[in-house]
Amino acid sequence: MAEEKIEKRRIMLVGTGLVGMSFAYSMLHEKGIDEMVLVDVNHDKAMGEAMDLQDGMVYAETKMKVYAGSYEDAQYCNVVVITAGAAQKPGQSRLELVKINASITKGVCEQLKKNGFNGILIVANNPVDIMTYVAWKASGLPKEHVIGSGTVLDTARLRLELGNRLGFAESNMHAYILGEHGDSSFVSWTNSYIGCKSLLEYLDEKHISLMELQNIYVDVRDKAYKIIDLKKATYYGIGLALKRIVSAVLNNERCILPVSSYQNGEYGKTGYFIGTPTVVGSDGASQIMRLPLTENDQDRFNKSFDTLEATIRDNLG
Ligand code: 6V0
């Protein structure tokens with residue numbers, strides 16, 4: 001990133017709906033950001049949201065300028081987060097949103113490109129792995145500079161559930177949901193740890209059945225459907241997951257997050273984006289961590305990747 005941009009840190013949010021505003025609200029507690037620009041096809045909505053957030057600034061832990069802007073502001077931004085688009089309705093899968101959201105994502109990214117955006121682009125609209133690919137193509141940015149929220153939210157759900165059921169702090173549950181942010185995701189249990197102890201060894205010692213892990217995975221995978229049935233949308237969890245990714249970029253944390261990153265063959269596949277443990281810092285998604293997968297898990301990864309590839313081929317040509 002250019003030095004003058006680092007001196008004044010600006011972020012842009014495109015899409016001031018439930019997910020976008022949960023993210024924007026959580027950013028009021030993030031130190032070191034000078035400006036947050038809100039953009040929405042409904043400019044009045046962006047203006048109203050900006051005014052509402054400004055009121056909270058008096059009591060927030062940090063100071064930043066929040067305003068409704070336009071794509072022209074993108075040239076001065078370090079990070080743009082896209083949460084624009086249609087959300088799942090009860091019973092609808094994420095993949096069913098592909099056509100409508102691809103057209104929105106493409107339009108947004110063409111505007112970013114036209115206005116000289118040259119920072120890190122973070123994509124959250126669904127189906128997020130495919131939208132990340134669409135955003136990469138339309139934005140003209142290097143592939144490392146385009147990051148999907150991937151399975152960062154799913155992984156948070158997994159760590160929480162594992163911690164609760166096994167009786168440990170979720171911060172000590174080192175396990176990732178991998179693959180599509182959606183129904184074909186999976187957990188590599190052989191690469192899962194409690195602190196630095198193998199999760200499978202622990203279960204063996206405690207005589208806990210492996211079926212318990214499958215139950216945990218199914219509960220985690222279906223949690224979004226349950227929340228949508230109950231309250232029509234999910235947004236607080238993803239809002240904070242997006243804050244986690246943006247902080248990693250702005251603070252050059254180089255932390256490992258299961259974002260949707262461009263595959264260069266680390267898991268045997270190339271050409272598209274999918275959730276894999278990735279180093280995230282100011283240079284974007286700089287390195288994918290290769291985990292040794294069992295044959296079964298490799299099959300699951302291949303199926304998940306192939307599902308995304310086929311959805312892109314069938315719907316987006
Ligand atoms: P929402 O509350 O309907 O908000 C969408 C916003 O996008 C609205 O304010 C629209 O006006 C705006 N918008 C629509 N088209 C455009 C456009 N062309 N340009 C600019 N703004 C536009 O939806 P919600 O916030 O609930 O969901 C947003 C997206 O996030 C959906 O695709 C969800 O499926 C997705 N989610 C992703 C998650 C993840 O883990 N990645 C989790 C939850 C939801």
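Counting starts at 1 for both ligands and their atoms, in listed order.
The backbone and the side chain of A87 each have at least one atom closer than 4.0 Å to an atom of ligand 1 (non-hydrogen atoms only). Heavy atoms of A224 found under 4.0 angstrom from ligand 1: none, in either backbone or side chain. Neither the backbone nor the side chain of R94 comes within 4.0 Å of ligand 1, counting heavy atoms alone. Contacts between N101 and ligand 1 below 4.0 angstrom, taking non-hydrogen atoms only, involve the side chain exclusively. Residue contacts with ligand 1 for L153 involve side-chain atoms from C-beta outward but no N, CA, C or O (heavy atoms, distance under 4.0 Å).
A salt bridge links K197 with E205; the closest basic N to acidic carboxylate O contact falls under 4.0 Å. Comment: E170 does not engage R159 in a salt bridge, judged by the lack of any side-chain N to carboxylate O separation of less than 4.0 angstrom. Ion pairing of K106 with E110 is present here, as a side-chain N (NZ or NE/NH1/NH2) and a carboxylate O approach within less than 4.0 Å.
Remark: E295 engages no residue in a salt bridge (charged side-chain N to carboxylate O under 4.0 Å, His left out) (not counting sequence neighbours). Considering only residues two or more places apart in sequence or on other chains, D219 meets the salt bridge (charged side-chain N to carboxylate O under 4.0 Å, His left out) condition with R165.
With respect to atom 3 (O) of ligand 1, the closest heavy atom belonging to the protein is G85 O, 4.0 Å. Of the protein's non-hydrogen atoms, the one nearest atom 40 (O) of ligand 1 is H181 NE2, 3.1 Å. Counting only heavy atoms of the protein, atom 43 (C) of ligand 1 lies nearest to T234 OG1, 3.2 Å. Shortest contact from atom 37 (C) of ligand 1 to any protein heavy atom: A124 O, 3.0 Å. Looking from atom 2 (O) of ligand 1 to the surrounding protein, the closest heavy atom is L18 N, 3.0 Å. What sits closest to atom 21 (N) of ligand 1 on the protein, heavy atoms only, is V41 N, 3.2 Å. Protein heavy atom closest to atom 36 (N) of ligand 1, with residue, atom name and distance, is N126 ND2, 3.3 Å. Counting only heavy atoms of the protein, atom 32 (O) of ligand 1 lies nearest to A86 O, 2.6 Å.
Aromatic ring pairs are classed by plane angle as parallel below 30°, tilted from 30° to 60° and perpendicular above 60°; the pair F273 and Y262 is perpendicular.
The only option from M64, R10, K65 that meets the side chain to side chain contact (heavy atoms under 4.5 Å, CB included) definition with M36 turns out to be M64. Screening F305, Y133, Y267 against I274 for a side chain to side chain contact (heavy atoms under 4.5 Å, CB included) leaves a single residue, F305.
Of the candidates G17, G107, G237, the one placing a heavy atom closest to atom 6 (C) of ligand 1 is G17. Taking all heavy atoms of V14, T105, I238 into account, the minimum distance to atom 42 (C) of ligand 1 is reached by I238.
For ligand 1 and A84, the ligand atoms under 4.0 Å from any heavy atom of the residue are 7 (O), 13 (N), 16 (C), 20 (C), 21 (N), 22 (C). Listed by atom number, the atoms of ligand 1 under 4.0 Å from T83 heavy atoms are 28 (C), 29 (C). Under a 4.0 Å criterion applied to the non-hydrogen atoms of I104, ligand 1 contributes the atoms 15 (N), 16 (C), 17 (C), 18 (N). Taking a cut-off of under 4.0 Å to the non-hydrogen atoms of T16, the atoms of ligand 1 that pass are 9 (O). Every atom of ligand 1 is numbered from 1 in the order shown, and the set under 4.0 Å from a heavy atom of S149 is 39 (C), 41 (N).
Side-chain atoms of N125 do not come within 3.5 Å of backbone N or O of T83 as any donor-acceptor pair. Distance alone, capped at 3.5 Å, is enough to place a donor-acceptor pair between the N101 side chain and the A86 backbone. Between the side chain of R9 and the main chain of G32, a donor-acceptor pair closer than 3.5 Å is present.
Below 3.5 Å of separation, one finds no N or O of K45 facing any N or O of ligand 1. Considering backbone and side-chain atoms alike, N42 places every N or O at 3.5 Å or more from each N or O of ligand 1.
Side-chain atoms of H181 and D154 include a donor-acceptor pair closer than 3.5 Å. Counting only N and O atoms by type, the side chains of S247 and E253 include no donor and acceptor under 3.5 Å apart.
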